[in-house]
Amino acid sequence: MLIVMKFGGTSVGSVDALKNVVKIVSDARQNGHEIVVVVSAMSGVTNLLLNAAAQAEVGHEEIAHQAKTEIAHKHAEATLHFLDHTPERDAVLAEINTLLDEFEALCHGICVLGELTPRALDVIGGLGERMNAPQVAAILNRAGLPAASIEATQLIVTDNCFGSAIPLIDETEANTQARLRPLLDAGKIPVVTGFIGSTEDGIPTTLGRGGSDYSATILGRALGADEVWIWTDVNGVMTADPRVVPEAHPISHLSYAEISELSYFGAKVLHSQAIRPARRVNMPVRILNTFAPDHPGTLITADYKNNGKTVKAVTAIKNMSLVTVSGPGMIGITGVAGRTFTAVARTSTNVLMISQASSEQSICFVIPTSDVPKVVASLEAELIREIERRDLEQIKWEEDTVILAVVGAGMKGQPGVSGRLFGALGQEKINIIAIAQGSSEFNISLVVAQGEADLAVKAIHREFKLEKP
Ligand code: ADP
Ligand code: ASP
Ligand code: MG
């Protein structure tokens, strides 16, 4: 089989983790598989880079220097362990140092200008993956596994939506086939930087936080891979975020439709767009644990498998705001909803949930809190006449909310699910601010106050007995 294996931040973040990576790749080769490796930055590195860039913008250039020292130390520890006294170690460290110097120079520029553009942020954010791919390739080579480091800027072509770029499929496929096929045919293991791509003009982009998952499925699709394996630090996709619900346990199988809902609504274990390339070509994806490689993890395919549960998992997506457009003038007037969402679309904001009461007196929708100022400004500009005439009220919004998503294809056609859901939240005295159910019936979404999110997730988990395997 041809398998694209992605290793996340913690999976490449320490000497012990990297030992497991070597073993996993080596075992797969011994089993006769062709392997493409996709790597994230070492754990914590992307945060250090992005935080330093943000601090430089407000005049704190020294944070970049501290970050540089910390990142250099992390890499030095790994290279010292795996590559001590080898010329490869010097070569890898030289490459890392060049990138770290570039990072410091960029932060200096940002500090002088007092401006951090999305484009500059993508150049800086992607440095962690660019430092790590040569390191992982050298470690594999040292272990007798012939590997070659490749920057995904040469493979993944994207639009210029910096910060969450979208891949251009045909161009990406042509580049990937041209660059990776010959390496695979020569028996090599390409080690590709996750998270990054570049525009048609060669300007670096990133695929959004957690984007290395997406890189893996994009490359898997481009190569016609048999499977994509996402190696992370938990035993697969779990019934809830294990940091919130300690009794959460891994789900052995999910359909593309189910994982789409879960990852879209905040299950951090997979990037929200990552399943799309796989779903297009019906390519199975597995979520596996680098620290427990024998655990079967979660298999994701097209078909739905009934595991005897109506609800399979519950997620929460935080830092959301509920925006409301309301007023007596909405009743029966056509076009207000259309104009509202056109005004939102002009700001390129992602609307995660929409709900309208049947009285037609109000329409509300949920967006990331960081997008509220531009969305409200755009709505006020669009609806100014109606607001002045008092047909509509001033636009209102409620910050500090979360969307909870209750997901499972078994909910389809099952009466009583909503009743149990609302009953469980009612018992905990949790107020439900808004509700939506997609026509797929795979997902019921609820908005609650952020402070009550964890309690709500726990209550739902208990109500649907998700702690029982
Ligand atoms: P990686 O660095 O390997 O990409 P991430 O931190 O991005 O790892 O994603 C894995 C983490 O996602 C887990 O450690 C877990 O804390 C979190 N997580 C949140 N929700 C879920 C869920 N439903 N199932 C599994 N993990 C989840
Ligand atoms: N390193 C990037 C991030 O932290 C991408 C990834 O880990 O998938 O967001
Ligand atoms: Mg991740």
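Side chains included, hydrogens not; waters and symmetry mates left out as well; all remaining heavy atoms used. When a ligand or atom number is given, it counts from 1 through the structure's own listing order.
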If I apply the N/O under 3.5 Å rule, does [X] come out as touching ligand 2?
X: Lys6; value: no
X: Gly208; value: no
X: Ser212; value: yes

Using a plain distance cutoff, I'd like to know if [X] has any nitrogen or oxygen under 3.5 Å from a nitrogen or oxygen of ligand 1.
X: Asp213; value: no
X: Thr239; value: no
X: Pro242; value: no
X: Ala267; value: no
X: Lys268; value: yes

Identify, for [atom], the protein heavy atom at the shortest distance, and state residue, atom and that distance.
atom: atom 7 (O) of ligand 2; result: Ser40 OG, 3.2 Å
atom: atom 2 (C) of ligand 2; result: Glu129 OE2, 3.4 Å
atom: atom 12 (O) of ligand 1; result: Val269 N, 3.6 Å
atom: atom 14 (O) of ligand 1; result: Asp233 OD1, 2.8 Å

*Ligand-residue contact atoms, ligand 1 with Arg243, heavy atoms, under 4.0 Å*: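 Counting atoms of ligand 1 from 1, those under 4.0 Å from Arg243 are 16 (O), 17 (C), 19 (C).
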_Atom indices of ligand 1, in the order listed, that fall short of 4.0 Å to a heavy atom of Val237_ = 24 (N)
*Thr315 near ligand 1, heavy-atom distance under 4.0 Å?*
no
*Answer yes or no: is there a donor N or O on one side and an acceptor on the other, between the side chain of Arg420 and the main chain of Glu463, under 3.5 Å?*
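Yes, the answer is positive, given that a donor and an acceptor are paired below the 3.5 Å cut-off.
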*Backbone of His249 reached by a side-chain donor or acceptor of Thr239 within 3.5 Å*: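 Flag set: sc Thr239 to bb His249 pair under 3.5 Å.
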Just so I know, are the side chains of [X] and [Y] near enough to count as touching, which here means a heavy-atom distance under 4.5 Å?
X: Ser418; Y: Ile444; result: yes
X: Arg209; Y: Leu50; result: yes
X: Val457; Y: Asp241; result: no
X: Thr290; Y: Asp233; result: no

*Answer with yes or no whether Gly211 contacts ligand 2, where contact means a heavy atom under 4.0 Å from a ligand atom.*
yes
*Run the contact test for Gly194 against ligand 2 with a 4.0 Å cut-off on heavy atoms, strictly below, and give the result.*
no
*Hey, looking at atom 20 (N) of ligand 1, which of Asp241, Val245, Ile251 has the closest heavy atom?*
Asp241
*Any idea which atoms of ligand 2 are less than 4.0 Å away from a heavy-atom of Arg209?*
3 (C), 4 (O), 9 (O)
*Report the part of His271 (side chain from C-beta onward, or backbone N, CA, C, O) that has a heavy atom under 4.0 Å from ligand 2; answer both or neither where that applies.*
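None of His271 does.
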*So Trp229 and His33, would you call those rings parallel, tilted or perpendicular, with 30° and 60° as cut-offs?*
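It falls in the perpendicular class, over 60°.
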